[in-house]
Amino acid sequence: MLDLKFIRKNPDLVRAAIAKRGVDFNLDHLLDVDDEWRQKVFTVEQLKNTRNTVSEEIARLKKAGENADEKIAQMREVSRSIKKLDEEIRELGEKLQGLLLQIPNIPHASVPEGQDDSDNVEVRRWGDPPQFAFEPKNHWEIGEALDILDFNRAGKVSGARFNFYKGLGARLERALINFMLDQHVTRHGYTEIFPPFLVNEDSMRGTGQLPKFAEDMFKVEGRDLYLIPTAEVPVTNYLRDEIMDGELLPLKFAAYSGCFRAEAGAAGRDTRGLIRQHQFNKVELVKFTRPEESEEELEKLVHDAEEILQLLKLPYRIVVLCSGDLGFSASKTYDLEVWMPGARKYREISSCSNFTDFQARRANIRYRPKPKAKAEFVHTLNGSGLAVGRTTAAILENYQQEDGSVAVPEVLQPYMGGVKRIEMP
RNA sequence: GGAGAGAUGGCCGAGCAGGUCGAAGGCGGUCGCCUGCUAAGCGACUAUACGGGCCAAAACCCGUAUCGUGGGUUCGAAUCCCACUCUCUCCGCCA
């Protein structure tokens, strides 16, 4: 959510940002509603003022044993008007909020202009795609042949877009979770968090999943609970409605969680394999920073995430999203894309974003720059570090051998009880 | 799930037979005075949001709102009524 005062003062700047994203939004309408709202607030506050002062007079009169009937009758009228105006103001306020929530964050100046993902700009590449003396397989073929992934039985038990990890497959997934967390916690200075996987509607609104993306969520029937689509939701909301000491910033959290997505808009896409599941594992990195340090912290966040890929020796590239492909709340986003030999292309494995004060304003997360100073909104950032299922898929494909086995990346072997290779059954 | 108790400012804690209560008192904090140093003591100040004064900001001033949340009664609600949420204690259930 943008600052209403900022919009009032910089309407042209906001209009330009909306245009850069290619979004259709009538800012003048919002400004009109705001005008009307402010007028009514002004009027009703004056009425409340007379009510308050006259009520005091009534108290004085009554105490003196005098008659106050006339004033009481007057105030009855005033109260009626107040009630009516308050109702109108409430409606206007809701309308204003609704409009305000539709405005996306302002893209950072360094974000390239563009329509869609084809306009994203590659920043750098690391590692060379492996050369195979045979036709590389897709990870689901490899996993099923090794009997470590079972999509068919998951179909029976849960439905499409679910999966059983089995044996060394399950162990590989678990090894990756532990490896990533250990890396971020012990080497990159993040605090480990194990969050709830179900959150209430206020939290979903705080990070911007609601109201706009309701159809992407799983909701628990009859309860105010949603399955989280990412640990970003509980971890960012962890500090909702709080003011923290500026000296504590930046705060850095690393959280493992299951992630649950309805994938309503993705029918027919990536129907096979681990790429797009209703449930997947992810280690998420979340930061709360001072405004002036968020740009630098985004770069560090990307480095923390890509180091995992480097240690796993998985080739990847990094792209910066163009204005048209940028997520609603983000001001700037880097995607990490890992090389998938089966599909012969790079696939997103992490998305690292700076949300500036956009989420913080919505979720009301503030800090005090100095002990007595006025509280300001923090900047929030987050990024996958990494999506675990997709990492497993990337390992299966990049480390596959001609005989159908899969080598275990060296850094994971200690997490796999020394297993160096996943062999055919 | 059943029974009971509770939710007030940064914290503790009064007020709860409706009127001058943004809210006593204390702690903590800031500034000043005093003092060889320290401790103690004295005095003042010490919430947030929104609107307006002021479509340059800050400061300042005025107003409004805020005593868990939402509604109701009333000229007037921290105080009365209703619903909900959360916390605590006991019982039951459960990994």
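Computed from a prediction, not measured in an experiment: that's the story for all the values here. Each chain gets a letter, A, B and so on, in the order the sequences are listed, and its residues count up from 1.
The same atom, C1', is picked in B/rA77 and in B/rG51; the two are 24 Å apart, to the nearest Å. Nucleotides B/rU73 and B/rA83 place their C1' atoms 15 Å apart, quoted to the nearest Å. The separation of B/rA23 from B/rU66, taken at their C1' atoms, amounts to 12 Å, rounded to a whole angstrom. Here the separation of B/rA78 from B/rG68, taken at their C1' atoms, is 12 Å to the nearest Å. For B/rG26 and B/rG13, the P atoms lie 16 Å apart once the distance is rounded to whole Å. The same atom, C1', is picked in B/rG10 and in B/rC90; the two are 33 Å apart, to the nearest Å. To the nearest whole angstrom, the two P atoms, one in B/rA5 and one in B/rC67, are 23 Å apart.
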N/O donor-acceptor pairs under 3.5 Å from side chains in residues 220-230 of chain A, not counting sequence neighbours:
| unit_1 | atom_1 | unit_2 | atom_2 | d |
| --- | --- | --- | --- | --- |
| A/Asp224 | OD1 | A/Glu201 | N | 3.1 |
| A/Thr230 | OG1 | A/Glu232 | N | 3.0 |
| A/Thr230 | OG1 | A/Lys282 | NZ | 2.8 |

Please output the side-chain donor-acceptor pairs of residues 351-358 of chain A that fall under 3.5 Å, not counting sequence neighbours, one pair per line with the distance.
| unit_1 | atom_1 | unit_2 | atom_2 | d |
| --- | --- | --- | --- | --- |
| A/Ser351 | OG | A/Asp335 | OD1 | 2.8 |
| A/Ser353 | OG | A/Thr333 | OG1 | 2.7 |
| A/Asn354 | OD1 | A/Thr356 | N | 2.8 |
| A/Asn354 | ND2 | A/Ser294 | OG | 3.0 |
| A/Thr356 | OG1 | A/Asn105 | ND2 | 3.1 |
| A/Asp357 | OD2 | A/Arg361 | NH2 | 2.7 |

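A tilted orientation is assigned to the rings of A/Phe162 and A/His278, their planes being inclined by 30° to 60°. Ring orientation note: the planes of A/Phe260 and A/Phe197 are tilted relative to one another, at an angle of 30° to 60°.
Heavy-atom neighbours of A/Gln115 CD from other residues, nucleotides or ligands within 6.0 Å: at or below the threshold of 12. Counting heavy atoms of neighbouring residues, nucleotides and ligands inside a 6.0 Å radius, atom CG of A/Asp24 does not exceed 12 of them. Environment of CZ in A/Arg15: crowded, with over 12 heavy atoms of neighbouring residues, nucleotides or ligands closer than 6.0 Å.
The CG-C1' distance, from A/Asn200 to B/rU69, rounds to 13 Å in whole Å.
A/Lys5 has no side-chain polar atom (N or O) that falls below the 4.0 Å cut-off from OP1 or OP2 of B/rC55. At the phosphate of B/rG63, neither OP1 nor OP2 sits under 4.0 Å from any side-chain N or O atom of A/Asn49.
At a cut-off of 3.5 Å, with distance as the only test, a side-chain donor of A/Lys332 or A/Ser110 sits close to an acceptor on the other residue. Side-chain contact annotation: A/Tyr316 with A/Gln310, donor-acceptor N/O pair under 3.5 Å present. Looking only at atom types and distance, the side chain of A/Glu295 has a donor-acceptor partner in the side chain of A/His108 under 3.5 Å away.
Ion pairing between a basic and an acidic side chain is recognised when a charged N comes within 4.0 Å of a carboxylate O; A/Glu77 and A/Arg80 show such pairing.
Counting non-hydrogen atoms under 4.0 angstrom, A/Arg8 reaches the backbone sugars and phosphates but no base. Residue contacts for A/Lys374: at a heavy-atom cut-off of 4.0 Å it reaches the sugar-phosphate backbone alone, with no base atom in range.
Listed by chain and residue number, nothing satisfies the salt bridge (charged side-chain N to carboxylate O under 4.0 Å, His left out) test with A/Glu376 (two or more places apart in sequence, or in another chain).
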Got a list of protein N/O to nucleotides 70-73 of chain B N/O distances below 3.5 Å?
| unit_1 | atom_1 | unit_2 | atom_2 | d |
| --- | --- | --- | --- | --- |
| B/rU73 | OP2 | A/Lys83 | NZ | 3.0 |

Name the pairs: protein N/O against N/O of nucleotides 75-79 of chain B, kept only if under 3.5 Å.
| unit_1 | atom_1 | unit_2 | atom_2 | d |
| --- | --- | --- | --- | --- |
| B/rC75 | OP1 | A/Arg76 | NE | 3.1 |
| B/rC75 | OP1 | A/Arg76 | NH2 | 2.5 |
| B/rC75 | O4' | A/Ile72 | O | 3.4 |
| B/rC75 | O3' | A/Ser79 | OG | 3.1 |
| B/rG76 | OP1 | A/Ser79 | OG | 2.7 |
| B/rG76 | O4' | A/Ser55 | OG | 3.3 |

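Listed by first residue number, the stems of RNA chain B with at least three Watson-Crick or G-U pairs below 3.5 Å are B:1-7 with B:85-91, B:10-12 with B:25-27, B:28-33 with B:41-46, B:47-53 with B:60-66, B:68-72 with B:80-84.
Of the candidate nucleotides B/rA65, B/rA57, B/rG51, B/rA65 has the atom lying nearest to any side-chain atom of A/Lys48.
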